[in-house]
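In what follows, a structure is listed as structure tokens, so that the remarks can point back to it.
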There are 2 protein chains.
Amino acid sequence: MTELADALERVREALGAGKVVLLVGEMEVTYEGRSMSWLGRGERILMIKGDRSVLIHRPKGCEPVNWQPPGSHIEAWLEGDRLILSCNRTAPPERLKITVSRLVQLATHKLADEAEFEMHAREEDMKLAIIEEPCIIEEGFRIVESERPVREGAIDILGVDSQDRLVVVEIKRERASKEDVKQLSRYADQIELEFGRRPRSILVAPSLSTSAASLAARLGIESRRLSPRRAQEILRKRRGLDRFLAGNG
Amino acid sequence: MTELADALERVREALGAGKVVLLVGEMEVTYEGRSMSWLGRGERILMIKGDRSVLIHRPKGCEPVNWQPPGSHIEAWLEGDRLILSCNRTAPPERLKITVSRLVQLATHKLADEAEFEMHAREEDMKLAIIEEPCIIEEGFRIVESERPVREGAIDILGVDSQDRLVVVEIKRERASKEDVKQLSRYADQIELEFGRRPRSILVAPSLSTSAASLAARLGIESRRLSPRRAQEILRKRRGLDRFLAGNG
DNA sequence: TGTTTAATATCGTTA
DNA sequence: TAACGATGTTAAACA
């Protein structure tokens with residue numbers, strides 16, 4: 001197969017030059033390492049990036065069927081009328097073997113992409129919004145400390161209410177589960193041990209699961225509705241205001 | 001830009017025909033939905049599959065920088081000298097907008113892939129290995145029940161030892177963490193409540209983290225070393241033996 | 001280097 | 001549909 005022999009040369013050249021390889025064709029895939037998998041012959045897309053990460057995509061589904069993280073050692077050779085690609089890692093030991101039996105398309109590109117990726121509306125942004133605007137929790141709420149370490153993990157926010165009672169705040173960016181309520185309860189236990197009196201506990205999340213809500217009620221844990229999106233809007237508004245005040249100062 | 005106008009037509013045709021689109025070029029990307037993200041201009045690979053899942057890959061890294069799961073509604077149009085792709089979902093509401101400013105390559109393919117994907121050596125296989133060969137846990141160990149539901153979740157394996165003491169077994173396919181030890185301890189609490197006496201607790205995993213090991217020691221929790229790979233070997237050997245015995249029967 | 005935690009996690013199963 | 005755990009989770013932050 002002259003076509004696959006040519007492909008082998010181009011793949012080797014691309015690997016050496018740190019190019020991205022896009023190979024469309026008929027292939028079999030086996031993986032052995034943390035798990036083991038077999039995938040029989042079919043038409044797929046193989047992507048090898050400049051950092052030697054490897055992805056195999058089927059014609060459907062968002063996730064790759066097989067992959068190898070960046071830095072794998074890649075070898076390529078011909079075996080009869082097949083093009084073999086062996087992608088190996090040592091820690092943990094794992095191997096991905098791709099057997100290409102028919103080539104549909106092969107492209108290689110040297111790509112330049114230095115842009116910064118910015119993401120917002122994460123759990124971190126919810127915490128920042130509360131720190132910059134504590135009345136999200138309630139009127140008169142003040143921050144004492146963020147990420148205060150306790151025996152198991154860290155308390156998202158420790159604060160005091162208008163009557164100077166300690167408040168333990170736990171933040172979740174998704175619907176809170178029973179387990180999240182238990183975690184907050186354990187944090188409150190730690191604070192009670194340390195300060196000698198029971199703090200208030202407030203779970204901040206866009207919503208609570210039914211079991212989480214009933215457990216929270218039983219344990220006397222309060223909750224506040226806040227979505228990551230709303231937190232992001234509060235931050236943006238506030239920072240806009242800060243810039244305005246700075247400009248006038 | 002005649003090139004991008006031509007690309008628009010080919011993308012539309014591919015979307016209608018359920019083809020896979022591979023577009024390499026310079027683009028900006030914004031996402032708004034469960035989170036929000038911005039990515040400035042750079043050279044990337046856009047993949048749209050037949051099921052309308054969308055992936056954007058940078059030249060490095062295993063994971064896509066942005067994506068949209070299968071079934072998103074995709075619209076494409078020209079805006080000045082830019083090709084715009086808008087990929088929308090309704091549940092949850094989220095939108096991915098791609099602005100292509102320069103085309104490097106565009107390919108579309110109708111791919112056929114009907115192969116079955118088989119994966120082995122998962123946590124499930126570790127459980128099966130213990131069920132088929134209980135002496136992996138210890139001499140005289142017998143299975144009572146698998147996946148026994150308790151208040152929070154399910155016990156992987158409940159069994160009895162050679163002295164008829166109850167044993168709660170928790171299986172982890174990776175190095176076990178402190179949290180895994182706590183989970184097992186809570187399961188043991190539930191069994192103690194139900195049966196009126198403290199069961200033995202055994203954590204099965206390829207290894208334990210240092211903090212997990214010390215917590216296990218403090219709580220009187222035992223452990224057994226078992227990797228998914230070894231479990232898979234045991235299963236294969238055993239099933240081979242079963243077939244041999246069945247052939248002789 | 002190892003551990004811990006967040007993620008647009010995704011994906012499957014079960015009640 | 002909601003809840004819950006497994007995943008070859010991946011990836012980043014932290015000690």
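Keep in mind the model is a prediction, meaning the values are calculated, not measured. Values reported hereafter were calculated over all heavy atoms of this structure, with side chains retained and with hydrogens, waters and symmetry mates removed. Letters A, B, ... are given to chains in the order of the sequence lines, protein chains preceding strands, and every chain is numbered from 1.
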Which residue, His57(A), Arg41(A), Arg58(A), forms the side-chain hydrogen bond (donor to acceptor under 3.5 Å, both in side chains) with Asp113(B)?
-> Arg58(A)
Please measure how far the [atom1] atom in [N] lies from the corresponding atom in [M], and state the result in whole Å.
N: dT5(C); M: dA9(C); atom1: C1'; result: 12 Å
N: dT10(D); M: dA6(D); atom1: C1'; result: 15 Å
N: dT8(C); M: dT4(C); atom1: P; result: 22 Å

Applying side chain to side chain contact (heavy atoms under 4.5 Å, CB included) to Ser214(A) and not counting sequence neighbours gives none
Residues, nucleotides or ligands: over 12 heavy atoms within 6.0 Å of Arg82(B) CZ | yes
Minimum heavy-atom distance Gln68(B)-Ser72(B), with the two atoms named | CG-CB, 3.4 Å
For Arg200(A) and Glu222(A), work out which heavy atoms get closest and say how close.
-> NH2-OE1, 2.7 Å
Could you check how far [atom1] of [X] sits from [atom2] of [N], rounded to whole Å?
X: Leu55(B); N: dT10(C); atom1: CG; atom2: C1'; value: 13 Å
X: His120(B); N: dG8(D); atom1: NE2; atom2: P; value: 12 Å
X: Arg148(B); N: dT14(C); atom1: CZ; atom2: C1'; value: 18 Å
X: Glu147(A); N: dA12(D); atom1: CD; atom2: P; value: 19 Å
X: Arg89(B); N: dA9(C); atom1: CZ; atom2: P; value: 11 Å
X: Glu63(B); N: dT8(C); atom1: CD; atom2: P; value: 9 Å
X: Lys49(B); N: dT10(C); atom1: NZ; atom2: P; value: 14 Å
X: Asp180(B); N: dC4(D); atom1: CG; atom2: C1'; value: 15 Å

In terms of side-chain heavy atoms, does [X] have a donor or acceptor partner in [Y] at a distance below 3.5 Å?
X: Glu26(A); Y: Ser101(A); answer: yes
X: Asn88(B); Y: Thr90(B); answer: no
X: Tyr187(B); Y: Glu170(B); answer: no

Side-chain contact check for Arg34(B): nearest option of dT8(C), dG8(D), dA3(D) is dT8(C)
To the side chain of Arg175(A), which of dG8(D), dA2(D), dT8(C) is closest?
-> dA2(D)
Should the pair Glu179(B)-Lys182(B) be classified as a salt bridge under the 4.0 Å nitrogen-to-oxygen rule?
-> yes
If each of Pro70(B) and Tyr31(B) is mapped to the nucleotide of DNA chain C with the nearest heavy atom, which maps nearer the 5' terminus, i.e. the 5' end?
-> Tyr31(B)
Residue closer to the 5' end of DNA chain D, Gly61(B) versus Pro69(A) (nearest nucleotide) | Pro69(A)
What is the nucleic acid contact for Glu94(B), judged by heavy atoms within less than 4.0 Å: base, sugar-phosphate only, or nothing?
-> base
Output field dot_bracket for DNA chain D (Watson-Crick or G-U, both distances under 3.5 Å, | for other-strand pairs) contains |||||||.|||||||
Enter the distance from Ile131(B):CD1 to Ile143(B):CD1 here, rounded to the nearest 0.5 Å.
-> 6.0 Å
Protein-nucleotides 4-7 of chain C N/O pairs under 3.5 Å:
| unit_1 | atom_1 | unit_2 | atom_2 | d |
| --- | --- | --- | --- | --- |
| dT4(C) | OP1 | Ser211(B) | OG | 3.1 |
| dA6(C) | OP1 | Glu123(A) | OE2 | 3.1 |
| dA7(C) | OP1 | Glu123(A) | N | 3.2 |

